[in-house]
Amino acid sequence: MAKEITPRSEDYSKWYLDIVRKAGLADNSAVRGCMVIKPTGYAIWEMMRDQLDKMFKDTGHVNAYFPLFIPKSFLSKEADHVEGFAKECAVVTHHRLMSNPDGSGVVVDPSAKLAEELIVRPTSETIIWNTYKDWVKSYRDLPLLINQWANVVRWEMRTRPFLRTSEFLWQEGHTAHATRTEAIEEAQLIHEVYARFAEDYMAMPVIKGAKSAHERFAGAEETYTIEALMQDGKALQAGTSHFLGQNFAKAFDVKYLNSDNQEEYVWATSWGVSTRLVGALIMTHSDDEGLILPPKLAPIQVVIVPIPRPSSDILAVADKIKSDLNQKGISVLIDKDEKKRPGFKFAEYEMKGIPVRIGIGERDLAKNQVEVARRDTRSKESRPLDNIAEHIVLLLDQIQDSLLEKARTFRDENTTTADDFKTFKELINDKGGFVSAHWDGTTETELKIKELTKASIRCIPNDAELEKGSDVLTGSPSQRRVLFAKAY
RNA sequence: CGGGGCGUAGCGCAGUCCGGUUAGCGCACCUGUUUUGGGAACAGGGGGUCGCAGGUUCGAAUCCUGCCGCCCCGACCA
């Protein structure tokens with residue numbers, strides 16, 4: 001077949017790239033490390049964006065937009081932050097081109113050198129906190145609950161479509177609060193929003209937890225993360241929410257007067273999810289036949305395929321079904337292409353992950369029925385034409401639930417426990433997945449384990465029970481188990 | 001940035017070792033005919049600075065040098 005996908009069992013990375021390309025989600029671009037997000041891929045991101053945007057607004061946040069460029073000096077104001085990002089920044093040094101004196105195209109005009117270089121934002125804490133300095137004077141100005149949808153650039157060594165690209169799309173929330181408690185609650189609230197989005201919309205179960213000091217965001221006092229498990233047994237950090245303490249307030253001198261007329265530094269959070277979620281979505285559900293999308297994030301939820309080809313009878317029925325479904329908020333595509341045969345279309349829509357396919361042929365119509373096929377299970381059945389729209393609505397819900405359930409079962413089956421280092425290493429290397437083990441809490445041990453097994457601490461789960469134990473490597477006392485895994 | 005592999009049509013590849021007419025094949029694309037309930041068949045057709053730049057040669061996809069890009073594995077990272 002023309003569009004054969006490399007099976008997961010043969011080469012997982014190649015499988016992933018095949019899905020991205022053959023489902024028409026993204027292409028490589030002329031720019032190293034940057035992808036072109038194609039309409040189908042972008043539509044998925046739009047669905048995610050719209051839903052998240054609604055959730056942010058429902059929790060009191062508003063959108064704003066800050067510049068793409070950050071003066072170089074801003075980056076150096078928060079020590080940990082610059083340490084974390086400096087190595088991977090794109091830098092603008094000039095503002096003009098000129099014709100090459102030798103006549104071959106254009107060159108940078110050396111006389112157009114910027115007095116201060118501009119950094120293409122890798123994240124916007126610094127430019128935003130520099131702005132908040134002017135916006136916050138009084139406790140009455142707080143909290144500031146602002147989000148921006150933007151692109152950022154991180155000059156990564158190795159890139160993969162959606163999972164890691166030099167430029168990516170994301171949202172970044174940056175909030176300012178009067179108290180430490182309020183800021184921590186904000187970071188936790190968003191942490192919950194992310195987890196709810198992952199599970200309810202992406203049908204992707206996640207572990208909620210806190211990052212170890214070593215894995216924390218550069219400049220944060222606490223990083224809350226949602227961690228998902230991909231089908232190859234590697235973990236993927238899907239969304240982080242940071243409690244930044246007063247680090248940025250102090251670096252950018254953002255103070256407010258409290259009700260007692262005392263000057264205080266404000267407390268901060270920042271949080272983000274990116275187009276990486278599209279990659280997570282692919283790797284959570286898809287199979288060797290192509291993309292599988294959860295109905296709630298499928299730009300097209302139902303495709304109707306006339307069999308063997310469109311006729312006026314069939315199209316009349318298809319149009320009716322479409323309009324019934326549209327009224328119920330379901331998006332529907334009727335494939336009216338007369339040239340391609342049904343078998344081709346079936347394979348094509350399976351590749352593209354459309355959750356439900358309705359086949360309508362003369363034989364079906366004679367029996368007053370249609371053929372309904374599920375993408376996730378690849379099962380199909382004949383259904384009476386009466387009340388078909390109601391049935392599809394239920395079916396889509398069922399598919400959404402079943403995808404989550406399947407992913408959860410996989411995650412649970414690939415979450416194990418280790419109490420000695422030999423077992424730990426075997427689990428990490430042979431089985432993969434999350435391994436729950438005791439950790440003595442030191443970065444030194446964390447790094448040693450990573451060096452020996454390539455597994456990192458994905459998170460200290462929120463629901464980790466206090467349990468006396470000893471570190472899986474060093475044997476030092478430990479209070480609770482943490483989750484280890486190899487990660488993307 | 002280190003190790004490995006690879007750059008020939010939109011995609012996948014052969015040809016490169018051993019230089020020699022007009023650079024091939026499959027898929028995709030266009031036209032037509034016959035087809036059409038799980039990726040149709042036939043016929044005709046379009047599409048290439050052989051990654052880029054130098055060099056060797058009567059002659060370079062093929063040999064030499066340099067560069068660039070992509071993929072995989074590491075280190076770094078959302």
Side-chain angles (χ1 to χ4, degrees), chain A residues 1-6 11-14 16-18 21-22 24 27-35 83-89 104 122-123 151-172 194 211 214-218 220 223 225-228 235-242 270-280 289-290 305-311 314 337-351 357 359-367 369-371 373 378 380 382 447 450-451 454 456 458 486-488:
Chain A
M1 297 307 124
K3 297 217 173 172
E4 199 76 3
I5 292 173
T6 307
D11 186 338
Y12 191 83
S13 297
K14 197 150 190 292
Y16 175 78
L17 290 169
D18 281 351
R21 209 148 45 87
K22 290 174 178 171
D27 276 343
N28 283 331
S29 73
V31 183
R32 173 191 195 132
C34 295
M35 62 179 169
E83 184 69 20
F85 287 103
K87 289 173 293 193
E88 51 187 41
C89 286
S104 63
T123 180
N151 57 340
V152 289
V153 168
R154 297 181 190 177
W155 214 264
E156 300 290 351
M157 299 288 183
R158 224 180 107 199
T159 58
R160 306 181 71 190
F162 294 109
L163 295 176
R164 180 169 299 106
T165 46
S166 294
E167 179 193 17
F168 56 95
L169 306 184
W170 78 343
Q171 59 71 213
E172 48 180 325
Y194 285 163
K211 284 291 186 189
H214 178 253
E215 295 276 336
R216 225 172 256 158
F217 176 74
T223 289
T225 180
I226 55 172
E227 297 284 325
L236 185 81
Q237 177 175 312
T240 46
S241 176
H242 316 290
S270 71
W271 28 275
V273 296
S274 71
T275 36
R276 166 177 262 203
L277 289 182
V278 177
E289 311 301 320
V305 179
I307 301 170
R309 64 200 310 184
S311 68
I314 291 172
D337 192 327
E338 302 192 359
K339 299 273 182 179
K340 297 194 175 73
R341 305 168 79 197
F344 180 89
K345 293 177 179 179
F346 296 167
E348 197 68 15
Y349 293 121
E350 277 166 15
M351 180 88 70
R357 182 184 75 236
I360 310 176
E362 299 293 348
R363 280 183 222 164
D364 299 304
L365 291 186
K367 289 186 269 186
Q369 64 184 28
V370 293
E371 181 184 87
R378 297 188 78 223
K380 55 187 178 185
S382 292
L447 291 174
K450 187 164 186 186
E451 186 189 323
K454 297 187 172 58
S456 53
R458 300 323 301 156
K486 288 185 187 169
Y488 274 95

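Lettering follows sequence order; numbering is per chain, from 1.
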Short heteroatom pairs, N/O only, protein and nucleotides 70-76 of chain B, under 3.5 Å:
from: B/C73; atom 1: OP2; to: A/R158; atom 2: NH2; distance (Å): 2.4

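- Using a 4.0 Å heavy-atom cutoff across all strands shown, A/F217 reaches no nucleic acid atom at all.
- To the nearest whole angstrom, the two C1' atoms, one in B/G12 and one in B/G48, are 16 Å apart.
- Counting any heavy atom pair closer than 4.0 Å across all strands shown, A/S456 reaches no nucleic acid atom.
- Looking at the side chain of A/R21, the nearest of the listed nucleotides B/G37, B/C11, B/G39 is B/C11.
- Take the nearest nucleotide of RNA chain B for A/E371 and for A/Q237: the residue whose nucleotide is more 5' is A/E371.
- Using a 4.0 Å heavy-atom distance criterion, A/K380 is classed as a base contact.
- Nucleotides B/C63 and B/G20 place their P atoms 11 Å apart, quoted to the nearest Å.
- Among the heavy atoms of the strands, none lies under 4.0 Å from A/E451.
- Between B/C64 and B/G19, the distance separating the two P atoms is 11 Å to the nearest Å.
- Checking B/G38, B/G37, B/G39 against the side-chain heavy atoms of A/R341 singles out B/G37 as nearest.
- Residues satisfying the side-chain contact (heavy atoms from CB on, under 4.5 Å) criterion with A/S456, sequence neighbours excluded, are A/E215, A/K450, A/R458, A/A487.
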